[in-house]
Peer 1: 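I have a structure here, written as structure tokens, and I will follow up with some questions on it.
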Amino acid sequence: MITLQASKIILSKALEIAKESENATVMAYYSDISSYLKEEDGLFSDNGVKKIIVMKEDEFEENEEEIESLKSIGEIVKVPSIKFDRINKIKVALMICTSSGILSKDDDVIALSGSMNQVDTLLFIDISKEKELLSFKGDIDLEKSVKPEVFEKVLRIALELANQGREGKSVGAIFVLGDKEKVLENIKQMIFNPFKGYAPDERNILKSNLDDTLKEYSLLDGAIVIDCNGVIETAGAYISVSAAVEDLPKGLGARHIAAASITAVTNAISIVVSESTGDVTIFKNGSIITRIEKVS
């Protein structure tokens, strides 16, 4: 088990490296560094370094009194309240930060992670060249395709489905976000559209509590299509395009191929939940941006 002193050394080194770099941001989870935030010496409070503090949604709610003081230390980013291993903690945080424009392709990130509320992992990441955690083919600005809050909401729902299933059973799902007109041109309705006839506000995932509705319709074959503003267009949609997609790992099924294909011919983003593994895969421009593995 890593000692408190060893964890503190890793954190100190991260801040030291960031100071020596021209464009580096230190990113750490609140749970891993909370003990240092309360120390008198204010190790993580060093104002000479750009910092991102990642908080799970339940942590954010439980520590509301601290939020203002935390904002003076660094930018706060919320992620789903789901258990992840060290590397997937970093993947999720990077996806939220890049989708919202907090981080760009020109940024270097010193990502800290750990377990048991201690830091034991440090990764120096050049986003533009990163291939293992993130892999952007073409435009990295996801916010041009879909509102950040829409992406974050659907990602959270997908991760919850992957980790909890539905009624005790594993489920698979495809969510297609953004570029509504082109996406609708490349799908065929497999069932009657269950969202037809409802006002846009009633089917907007940001304005109505539709989490359970989305999870329920994810049980249907086909994709759920959501526009860039969060309005659900349809569910049970068959993706009829079959684009040539490159660099996809062998063994991916029809669901993943369809999700990749629709992003190859449109400016949409696809989020896929694998029924067999519980992994969540994100596609853009016909290729995988990242895969978030389920914690077994």
Peer 1: NZ of Lys83 to NZ of Lys294: how many Å apart, nearest 0.5 Å?
Peer 2: 12.0 Å

Peer 1: Does one side chain, of Ser115 or Arg86, offer a donor that lies under 3.5 Å from an acceptor on the other?
Peer 2: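 The answer is yes; a qualifying pair exists.
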
Peer 1: Are the side chain of Ser208 and the backbone of Leu210 linked by a donor-acceptor contact shorter than 3.5 Å?
Peer 2: no

Peer 1: So does Val231 get a backbone contact from the side chain of Arg203, meaning a donor-acceptor N/O pair under 3.5 Å?
Peer 2: no

Peer 1: Say you draw a straight line from CD1 of Ile232 to OG1 of Thr213; how long is it, rounded to the nearest 0.5 Å?
Peer 2: 7.0 Å

Peer 1: Is it the case that Tyr238 and Asp221 place a side-chain donor and acceptor less than 3.5 Å from each other?
Peer 2: no

Peer 1: Roughly how far apart are Asn63 CG and Lys56 NZ, rounded to 0.5 Å?
Peer 2: 13.5 Å

Peer 1: Given 3.5 Å as the limit, does a donor-acceptor pair link the side chain of Ser81 with the main chain of Asp58, or not?
Peer 2: yes

Peer 1: Do NZ/NE/NH1/NH2 and the carboxylate oxygens of Arg156 and Glu57 come within less than 4.0 Å?
Peer 2: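 Salt bridge flag = yes for Glu57 with Arg156.
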
Peer 1: I need the Leu155 CG to Lys153 NZ distance, nearest 0.5 Å.
Peer 2: 12.5 Å

Peer 1: Do Arg255 and Val273 touch side chain to side chain, with heavy atoms closer than 4.5 Å?
Peer 2: no

Peer 1: Can you find a pair of side-chain heavy atoms, one from Glu167 and one from Leu219, that are under 4.5 Å apart?
Peer 2: no

Peer 1: Could you check if a side-chain atom of Ile288 sits within less than 4.5 angstrom of a side-chain atom of Ile282, using non-hydrogen atoms only?
Peer 2: no

Peer 1: Would you say Ile82 ends up clustered with Met95 if hydrophobic residues are merged whenever their side chains have heavy atoms under 4.5 Å apart, either directly or through other cluster members?
Peer 2: yes

Peer 1: With distance as the sole test, does Thr277 use its side chain to make a donor-acceptor pair with the main-chain N or O of Ser274 at under 3.5 Å?
Peer 2: no

Peer 1: Indicate, with yes or no, if Ile9 and Tyr29 share a hydrophobic cluster defined by side-chain heavy-atom contacts under 4.5 Å among Ile, Leu, Val, Met, Phe, Trp and Tyr.
Peer 2: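 No, it is not one cluster - the side chains of Tyr29 and Ile9 are not joined through contacts under 4.5 Å.
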
Peer 1: Do Leu220 and Ile191 touch side chain to side chain, with heavy atoms closer than 4.5 Å?
Peer 2: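 Of all side-chain heavy-atom pairs linking Ile191 with Leu220, at least one is under 4.5 Å.
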
Peer 1: Under 4.5 Å between side-chain heavy atoms, hopping through other hydrophobics if needed: is there a path connecting Leu214 to Tyr198?
Peer 2: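 Leu214 does not cluster with Tyr198.
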
Peer 1: Distance under 6.0 Å and angle within 45° of the ring axis: does Lys91 meet both against Phe84?
Peer 2: no

Peer 1: Just by distance, with hydrogens left out, do Lys284 and Asn267 show a side-chain donor and acceptor under 3.5 Å apart?
Peer 2: yes

Peer 1: Report yes if some heavy atom in the side chain of Thr281 is under 4.5 Å from a heavy atom in the side chain of His256; otherwise report no.
Peer 2: yes

Peer 1: Whether the side chain of Glu202 engages the backbone of Ala199 through a donor-acceptor N/O pair (distance < 3.5 Å, no angle test) should be reported.
Peer 2: yes

Peer 1: Do Thr234 and Gln189 get their side chains close enough for a donor-acceptor pair, meaning under 3.5 Å?
Peer 2: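 Short answer, yes.
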
Peer 1: Does the Lys215 side chain pair with the main chain of Leu161, one donor and one acceptor, at a distance under 3.5 Å?
Peer 2: no

Peer 1: If we ignore hydrogens and angles and just use 3.5 Å, is the side chain of Asp227 paired with the main-chain N or O of Glu233 as donor and acceptor?
Peer 2: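 Flag not set: sc Asp227 to bb Glu233 has no pair under 3.5 Å.
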
Peer 1: Can you tell me which residue among Ile52, Asp108, Ile102, Ile127 is in a side chain to side chain contact (heavy atoms under 4.5 Å, CB included) with Thr25?
Peer 2: Ile52

Peer 1: Less than 3.5 Å apart, any donor N or O on the side chain of Tyr30 or Glu66 sitting next to an acceptor on the other?
Peer 2: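 Present: a donor and an acceptor within the cut-off.
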
Peer 1: Strictly below 4.0 Å, N to O, side chains only: are Glu216 and Arg166 in salt-bridge contact?
Peer 2: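 Yes, this pair counts.
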
Peer 1: Could you state the interatomic distance from CD (Glu152) to NZ (Lys147), rounded to the nearest 0.5 Å?
Peer 2: 12.5 Å

Peer 1: May I ask you to check whether Ser287 and Asn285 show a side-chain donor-acceptor distance below 3.5 Å?
Peer 2: no

Peer 1: Checking side-chain hydrogen bond (donor to acceptor under 3.5 Å, both in side chains) for the pair Asp201/Asn204: CA distance, chi angles, key distance, verdict?
Peer 2: CA-CA 5 Å; Asp201 280 1; Asn204 190 309; 5.3 Å; no

Peer 1: Could you check whether any side-chain heavy atom of Leu15 comes within less than 4.5 Å of a side-chain heavy atom of Ile17, counting everything from C-beta outward?
Peer 2: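 The answer is no, as the side chains (C-beta and beyond) never meet within the 4.5 Å cut-off.
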
Peer 1: In the structure I gave you, are the side-chain heavy atoms of Ile76 and Lys71 within less than 4.5 Å of one another anywhere?
Peer 2: yes

